[in-house]
Amino acid sequence: QVQMTESGGGSVQAGGSLRLSCTASGDIRGILGIYAADWFRQAPGKEREFVASIAWARGINPNYSDSVKGRFTISRDNAKNTMYLQMNSLEPEDTAVYFCAARKNRGERYGWGQGTQVTVSS
């Protein structure tokens, strides 16, 4: 069983930066078996939306939503079983709770974290 845990959220002014972390814990076989990992976010009153994804084992094939492309960067640290989301040029519209999840090769997501709050003020 794998559990993902987010950290690094906070409050910043527009134009600022934050780096979120997502660490996988649990069964080592489960961690090694993660195919990819995703970042999602959910703003108040809105549905959860995809933000970015990356292949877990090799940290390749980053993918971004159009709303964050060019501002956010996703990366991996194998030694720490951790995925990062570097967020630059933050905008008030980025305010949301950010979640991470592991994903199987057939698309099923699991191990959702509790989320970390990001608040961007204008």
Just say parallel, tilted or perpendicular for the rings of F72 and Y98, cut-offs at 30° and 60°.
tilted
Report the C-alpha distance between M87 and L20 in whole Å, list the side-chain angles of each, state the deciding distance to 0.1 Å, and finish with yes or no for side chain to side chain contact (heavy atoms under 4.5 Å, CB included).
CA-CA 8 Å; M87 306 186 297; L20 305 184; 3.7 Å; yes
Would you say Q86's side chain and T73's backbone share a donor-acceptor pair under 3.5 angstrom?
no
Taking atom OH as the centre, does Y35 end up with more than 12 heavy-atom neighbours from other residues, nucleotides or ligands that are less than 6.0 angstrom away?
no
Of all heavy-atom pairs between M4 and C22, which one has the smallest distance, and what is that distance?
CE-SG, 3.5 Å
Inter- and intrachain pairs under salt bridge (Lys or Arg N to Asp or Glu O under 4.0 Å), touching residues 44-56, at least two apart:
R41-E49
Between SG of C100 and OH of Y84, what distance do you get to the nearest 0.5 Å?
12.0 Å
Is L32 reachable from V2 through a run of hydrophobic residues whose side-chain heavy atoms are each under 4.5 Å from the next?
no
Go through R71 and Y64 one step at a time and tell me if the side chain to side chain contact (heavy atoms under 4.5 Å, CB included) criterion holds.
CA-CA 10 Å; R71 299 188 297 122; Y64 303 94; over 6 Å; no
Side-chain heavy atoms nearer than 4.5 Å, only ILVMFWY residues, links allowed to pass through others: does that put V51 and W112 together?
no
When you look at NZ of K69, are more than 12 heavy atoms from neighbouring residues, nucleotides or ligands closer to it than 6.0 Å?
yes
Rounded to the nearest 0.5 Å, what separates atom CD in E91 from atom CD in E93?
5.5 Å
For a quick test of reading the model, state the closest non-hydrogen atom pair linking V120 to T95 and the distance between them.
N-OG1, 2.9 Å
Under a single-linkage definition using a 4.5 Å side-chain heavy-atom cutoff for Ile, Leu, Val, Met, Phe, Trp and Tyr, are W39 and L18 assigned to the same hydrophobic cluster?
yes
Heavy-atom nearest pair, Q117 first then A96, reads NE2-O, 3.5 Å
If the condition is salt bridge (Lys or Arg N to Asp or Glu O under 4.0 Å), which residues does R103 pass it with, not counting sequence neighbours?
D38
Without swapping roles, check the side chain of Q114 against the backbone of E6 for a donor-acceptor pair under 3.5 Å.
no
Under a 4.5 Å cut-off applied to non-hydrogen side-chain atoms, are W56 and I31 in contact?
yes
Nearest heavy-atom contact between G59 and I54 is O-CD1, 3.5 Å
If I compare all heavy atoms of I74 with all of A37, which pair ends up nearest, and what's the gap?
CD1-O, 4.5 Å
Is a side-chain donor-acceptor pair under 3.5 Å present for S17 with N88?
yes
If you compare all heavy atoms of S89 against all heavy atoms of D94, which two are closest, and at what distance to 0.1 Å?
O-OD2, 4.4 Å
Using side-chain heavy atoms (C-beta onward) and a distance below 4.5 Å, is S7 in contact with T116?
no
Side chains of I34 and Y110 in contact at under 4.5 Å (non-hydrogen atoms):
yes
Only pairs at least two apart or in different chains count here, so list each salt bridge (Lys or Arg N to Asp or Glu O under 4.0 Å) that has a residue in residues 12-35.
none
